[in-house]
Protein chains: 2
Amino acid sequence: MKGLDRNALEQVAEYFQSLAEPTRLCLLNALRNGEMTVSELAEGAESTPANVSKHLSLLAKTGFVERRTQGTSAYYRITDPDIYALCDLVCGQIAKRLSAQAEAHNAFKKAARRA
Amino acid sequence: MKGLDRNALEQVAEYFQSLAEPTRLCLLNALRNGEMTVSELAEGAESTPANVSKHLSLLAKTGFVERRTQGTSAYYRITDPDIYALCDLVCGQIAKRLSAQAEAHNAFKKAARRA
DNA sequence: TGATTACTTAACTAATTGGTTGTATAGTAG
DNA sequence: CTACTATACAACCAATTAGTTAAGTAATCA
């Protein structure tokens with residue numbers, strides 16, 4: 001990520017955009033355990049099949065998931081498990097921030113006690 | 001990222017959302033080389049100071065950058081360089097996809113030649 | 001065949017967002 | 001003080017988007 005032209009930046013942004021929605025993250029997280037149908041995913045995500053289907057087709061378009069049909073059901077699965085490395089990295093970043101916040105909070109309380 | 005409640009998912013989504021915009025990625029990329037003023041960043045990103053200022057305050061609010069003023073200028077810098085690990089990981093993912101696409105493209109051409 | 005199930009998609013609404021423009025603030029120079 | 005510079009911010013607009021609703025498609029079963 002050094003000499004990035006506008007086109008490359010847009011690709012990276014689109015990648016992040018796919019992950020910038022709680023419901024989609026929930027779907028990807030559910031798919032950690034293997035492929036699932038739309039209705040199973042909808043139940044797990046506490047959403048409607050229509051909404052989940054829309055999110056899944058976006059994730060399919062951007063290459064995060066793949067689709068397989070069997071009978072009247074559509075099974076979705078993760079294309080490349082490496083994306084979880086990304087999610088875990090982000091979770092680590094957020095955890096780091098939260099602990100930094102906690103530390104700052106403690107420091108503040110300490111200072112308040114001194115005052 | 002296993003047992004994630006709605007709140008955690010929203011935090012992660014917000015994190016990704018901050019990175020889901022080409023101009024903001026451009027700013028973060030420019031800040032790899034150290035702190036810069038708003039107008040310097042605006043020039044580098046081929047945007048207006050007002051627009052860049054808005055993006056920077058979002059990045060500051062979500063904790064990606066920090067602000068320092070000197071004279072009439074505002075200098076921004078990266079809070080935690082570890083975010084670049086994330087960006088590089090994403091670039092790697094995208095590169096992987098592009099090469100997969102290229103391979104599929106070649107396979108298609110090969111098949112077409114055979115037909 | 002008709003009925004049911006599972007999913008997709010189009011149309012719509014409400015909310016969000018990137019960018020622009022104009023105004024306000026703060027520091028600096030004369 | 002005024003004038004100028006750098007930045008921030010509010011108001012606004014156009015475009016995008018998450019979610020709902022209803023209609024449409026495809027496979028299964030009586």
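Just so it is clear: chains get the letters A, B, ... in the order the sequence lines come, proteins before strands, and each one is counted from 1. Fair warning: this is a prediction, and the values are worked out from it, not measured in the lab.
Looking at heavy-atom distances under 4.0 Å, B:Ser47 makes no contact with the nucleic acid at all. Within the nucleic acid shown, B:Thr23 comes within 4.0 Å of sugar-phosphate atoms alone, with no base atom in reach, counting heavy atoms only. In this structure, B:Ser57 reaches neither bases nor backbone, as no heavy-atom distance under 4.0 Å exists between it and the strands shown. Note on A:Tyr75: nothing from the nucleic acid sits closer than 4.0 angstrom, heavy atoms only. Residue B:Thr37 is in sugar-phosphate contact alone, with no base atom involved, counting any heavy-atom pair closer than 4.0 Å across all strands shown.
Taking only side-chain atoms of A:Val38, from C-beta outward, the nucleotide of D:dT20, D:dA18, C:dT8 with the closest atom is C:dT8. Comparing atom distances between the A:Ser73 side chain and each of C:dC7, D:dA8, C:dG18 picks out C:dC7 as nearest. Closest contact between the side chain of B:Arg67 and the listed nucleotides D:dA18, D:dT7, C:dG19 involves D:dT7. Taking the side chain of A:Ala50 as heavy atoms from C-beta on, and the options C:dG19, D:dA18, D:dT21, the nearest nucleotide is D:dT21. In the set D:dG19, D:dA8, C:dG18, D:dA8 carries the atom at the smallest distance from any side-chain atom of B:Ser53. Nearest nucleotide to the A:Lys54 side chain, out of D:dT20, C:dG18, D:dA6: D:dT20.
Projected onto DNA chain D by closest heavy-atom contact, A:Arg24 and A:Gln70 fall at different nucleotides, the more 5' of which corresponds to A:Arg24. Each of A:Asn51 and A:Thr72 has a nearest nucleotide on DNA chain C; the 5'-most of these lies closest to A:Thr72. When each of A:Ala20 and B:Ala74 is assigned the nucleotide of DNA chain D bearing its nearest heavy atom, the one mapping closer to the 5' terminus is B:Ala74.
Of the charged side-chain nitrogens involved, none lies within less than 4.0 Å of a carboxylate oxygen, so that B:Arg97 and A:Asp82 do not count as a salt-bridged pair.
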Can I get a per-line list of side-chain donor-acceptor pairs under 3.5 Å for residues 11-20 of chain A, giving both atom names and the distance, sequence neighbours left out?
unit_1	atom_1	unit_2	atom_2	d
A:Ser18	OG	A:Glu14	O	3.2
A:Ser18	OG	A:Thr62	OG1	3.2

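Rounded to 10°, the angle separating the first-five-pair axis and the last-five-pair axis of the helix from C:dT1-D:dA30 to C:dG30-D:dC1 equals 10°.
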Give the C-alpha distance, both sets of side-chain angles, the deciding distance and a yes or no for side chain to side chain contact (heavy atoms under 4.5 Å, CB included) between B:Tyr84 and B:Leu31.
-> CA-CA 11 Å; B:Tyr84 294 123; B:Leu31 292 174; 4.2 Å; yes

